[in-house]
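Proteins get letters first, then strands, A, B, ... in listed order; numbering begins at 1 in each.
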Amino acid sequence: MSDIFQQLSGVQRDAVQTTEGPVMVLAGAGSGKTRVITYRIANLIESRNAAPHQILALTFTNKAANEMRQRVEQLLYQGSTRGLWIGTFHSVFARILRNYIHLIGYTSNFSIYDSDDSKSLIRQVMKDLGISTDSVAPNTVQSLISRAKNDFVLPAQFHRDAADYNRGKAAKVYEVYTQRLKENNALDFDDLLLKPLELFREVPAVLEQLQEYFRYILIDEYQDTNKAQYLVAKQLCARHRNIFVVGDDAQSIYSWRGADISNILNFTDDYPDAKVFKLLENYRSTRTILRAANGVISRNSRQIRKDLVSNKGDGEPLSLLESFNEKREADKVGEMIRSLKLSQQREYRDFAIFYRTNAQSRVLEDILRMHRIPYRIFGSISFYKRKEIKDAIAYLRFIQNDQDTESLLRIINFPPRKIGDKSIQQLTEYSRVRGTSLYEAIKVAESGGFQARLLNALGAFSDLVEKLKLVALEGSVYDVLNSLYEETGLLRLLKEENTAESLARHENLQELLSMAREFSDHHQGANGLCEFMNDIALASDREAAEETDNYVSLMTVHAAKGLEFPVVFITGLEERLFPLNCFENEELEEERRLFYVAVTRAREKLFLSWSKSRYLYGQPQACIRSMFIDEIDSDIIENEGGSTLSESRVPRQMSNGRPCVPQVPPGPTKRPAGPQDGLKKGVRVQHAMFGPGVVRRVQGSGSSRKVVITFRNSGDKTLMVEYANLKIMP
DNA sequence: AGAAATCCTCTCCGG
DNA sequence: GAGGATTTCT
């Protein structure tokens, strides 16, 4: 181990060796953050300061957790991390809750709802409360509730604070939604962070036990923690006070899910005796790439100023790719990968292609396939979000937890078994009257005076469920899933349908089965199904068995955090895409941090790519190139002709009739608020010809955005926002 | 009851 | 250009 320390810089070594007391490491991009965490864990284990199970390491992605565990094993020996608590906040606390949740009125076989499940439950609740989805969008309600949970605001408090119409409605929904979750014995993602706090408050003995148990706590990406995570960590470390956090304020990109930068900024207020280390030396990127990164991030006003220093050479300039449309863009990227592979003897694994939104991956995928370039998409439309997989999982969930009415509703008539909406309504009513779960009601439906035909169908269904429950009791996850397919005919039906789509679904179900088999081979134990469901609910991406590990990586910029690649393409660098529509300066600053993250992933070569037109919502849209491109010194960017931008400066592309600013003044760039930004239903406007009116609806976006307006004097008109030159009246 | 067709909205990032 | 809700057809 002492030899291993030789591989660390002085500051890194100090951070690793300061094992006792609170420590914060401010780690710039590429400064060896992961290295510090893994060495620290290895050191704690090796020096016998702590047994692996006394160490709790929290990350934000499963990928990061797996990687860290592997690296510690490499540093020490195979099996050295046995017992080590390492994982995402969500997965670690799901595990802990399985042990203790009975103390706060749930049972340990609780279901975990993903955001789609929770959205449909919210819809349901809104319906029951008679809140029209026209007056408040379920999405809005969902995000308000989620945000409240992340901020550790419970329904009663939320209700008191509800200041506007939306919040007032959301408060009601929040209350009933919470109740329904409990009736279903289910937790949503946010509950995985919230319930531990409730548990600690209501049963302090559990907290004390865990405080004693976890002697060392490490948290990665601390700048992305929200209030609930902050509180959990703070409480858990209160006994031993060995809390070690690593983060970088410049890479904070999750404020939309409640991440609070002040957690990292105020760390030393909570722990005045904390040791703080700063890692500013970058071991990853060329000096040119860092110059670009520093130049961009320095335009943000809210930040801890720090310039990263490279210990590498200048390297190549950045390259700008300009394309006619997104297909051509993908083509250029493909061609470039081809040519660099030949001219520089690169491997496919050296390349990564980033994009702002998942929707952009499709074109890239198609084109790479045409070019016969092997690729892998990370965290795309998850395997687990596919309909057939969700159906199978709903069955598994329900077998495990028959209070889970959401799952029950999903499977009760799938595959079709003659239990239609009407019947379900009646049964629901029946269960309400009896004060039982829906499934209880189904089991005693004989005494409910239902039609014989329905009773038959219900009997067959509950027989099926009970049979599968028995299998679950005795057998492995694999056995359960196997008999599930067998008994329901899920696989058979898809095969018989024999369309390309149904066969693909068939294959997905087979894939799930082989995952279950693999899981069953490794986990022999009574709680197999629970653990399998845990893994599945919290996995963002499936770890597919790879035939080869030599492929181009495709992912969103968010997914790229923490990773690095020799050659990086950032695509879709257009206004309103990257940066995405943002109306406030704070949002723009977050987009800029996101861009900073993207830039700093590159080790040797960075391509910036934008397209003059792109399909959005099914229609081609003219695009303006991203302001971020202009925030980089033009003399380190080369265009396709080989000259730098500063040499070949020509008036910028005009599109949308909006002239582009050729050179951006230094200092924070402000986004001009478009004249059409405040347009929405109910807003009063003034038109040069038609006079005053009220917006009825807004449709489309970008340059095809239209509004329907009722004018006082001329009635309803549909106008193109772009040309209408509307004035918004107060 | 259930499949098929149609209309509609909403459109980011993820555990 | 997908998913949900709603309507229409068998």
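- Distances were taken from every side-chain heavy atom of A:Lys422 (C-beta onward) to each of B:dC13, B:dA1, B:dC12; the shortest belongs to B:dA1.
- Applying the 3.5 Å distance criterion, the base of B:dG2 shares no donor-acceptor pair with the side chain of A:Asn413.
- Set against B:dC10, C:dA2, B:dA1, the side chain of A:Arg362 has C:dA2 as its closest nucleotide.
- If you take CZ of A:Arg356 and P of B:dG14, they are 9 Å apart, rounded to a whole angstrom.
- Note on A:Ser91: nothing from the nucleic acid sits closer than 4.0 angstrom, heavy atoms only.
- Atom pair A:Ile122:CD1 and C:dG4:C1' shows a separation of 16 Å (rounding to whole Å applied).
- Remark: ring of A:Trp256 not stacked against base of B:dC12; the cut-offs of centroid gap under 5.5 Å and plane tilt under 30° are not jointly satisfied.
- A salt bridge does not link A:Lys385 with A:Asp114: none of the charged nitrogens is closer than 4.0 Å to a carboxylate oxygen.
- Going from atom CG of A:Leu193 over to atom P of B:dG14 covers 17 Å, rounded to whole Å.
- Of all the heavy atoms in A:Leu580 and A:Arg356, the pair that sits closest is CD2-NH2, 3.8 Å.
- Comparing A:Arg417 and A:Arg257 along DNA chain B, the residue whose closest nucleotide (by nearest heavy atom) sits nearer the 5' end is A:Arg417.
- Per the geometry, CG belonging to A:Asn150 stands 14 Å off P belonging to B:dG15, to the nearest Å.
- The side chain of A:Thr357 lies closest to B:dC13, out of B:dG15, B:dG14, B:dC13.
- For the pair A:Glu590 CD and B:dC13 C1', the interatomic distance rounds to 9 Å; values are reported in whole Å.
- Within a 6.0 Å radius of NZ in A:Lys387, more than 12 heavy atoms belonging to other residues, nucleotides or ligands are found.
- Backbone-only contact: A:Ser423 has heavy atoms under 4.0 Å from sugar-phosphate atoms and none from a base.
- Protein atom CG of A:Leu594 is 15 Å distant from nucleotide atom P of B:dC12, rounded to whole Å.
- For B:dG14, the OP1/OP2 oxygens have a side-chain nitrogen or oxygen of A:Thr556 closer than 4.0 Å.
- Counting any heavy atom pair closer than 4.0 Å across all strands shown, A:Phe60 reaches sugar-phosphate atoms only and no base atom.
- In this structure, of B:dG14, B:dC10, B:dG2, it is B:dC10 that holds the atom nearest to the side chain of A:Ala137.
- Between A:Arg123 and C:dA5 there is a side-chain polar atom (N or O) within less than 4.0 angstrom of OP1 or OP2.
- Here B:dG15 presents its C1' atom at 9 Å from CD of A:Gln229, a figure rounded to the nearest Å.
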**Report entry** Working for salt bridge (Lys or Arg N to Asp or Glu O under 4.0 Å), residues A:Arg257 and A:Asp224
**Finding:** CA-CA 9 Å; A:Arg257 67 180 212 212; A:Asp224 286 329; over 6 Å; no

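- Contacts of A:Tyr615 with the nucleic acid, taken as non-hydrogen atoms under 4.0 Å apart, are absent.
- Mapped onto DNA chain B by nearest heavy atom, A:Ser115 and A:Arg453 fall at different nucleotides, with A:Arg453 at the one closer to the 5' end.
- A salt bridge links A:Glu198 with A:Lys195; the closest basic N to acidic carboxylate O contact falls under 4.0 Å.
- The side chain of A:Lys418 approaches B:dG2 more closely than any other nucleotide in the set B:dG15, B:dG2, B:dC13.
- Checking B:dC10, B:dA3, B:dG14 against the side-chain heavy atoms of A:Asn139 singles out B:dC10 as nearest.
- In this structure, CG of A:Asp421 is placed 12 Å from C1' of C:dT6, rounded to the nearest angstrom.
- Within 6.0 Å of CZ in A:Arg362 there are 12 or fewer heavy atoms belonging to other residues, nucleotides or ligands.
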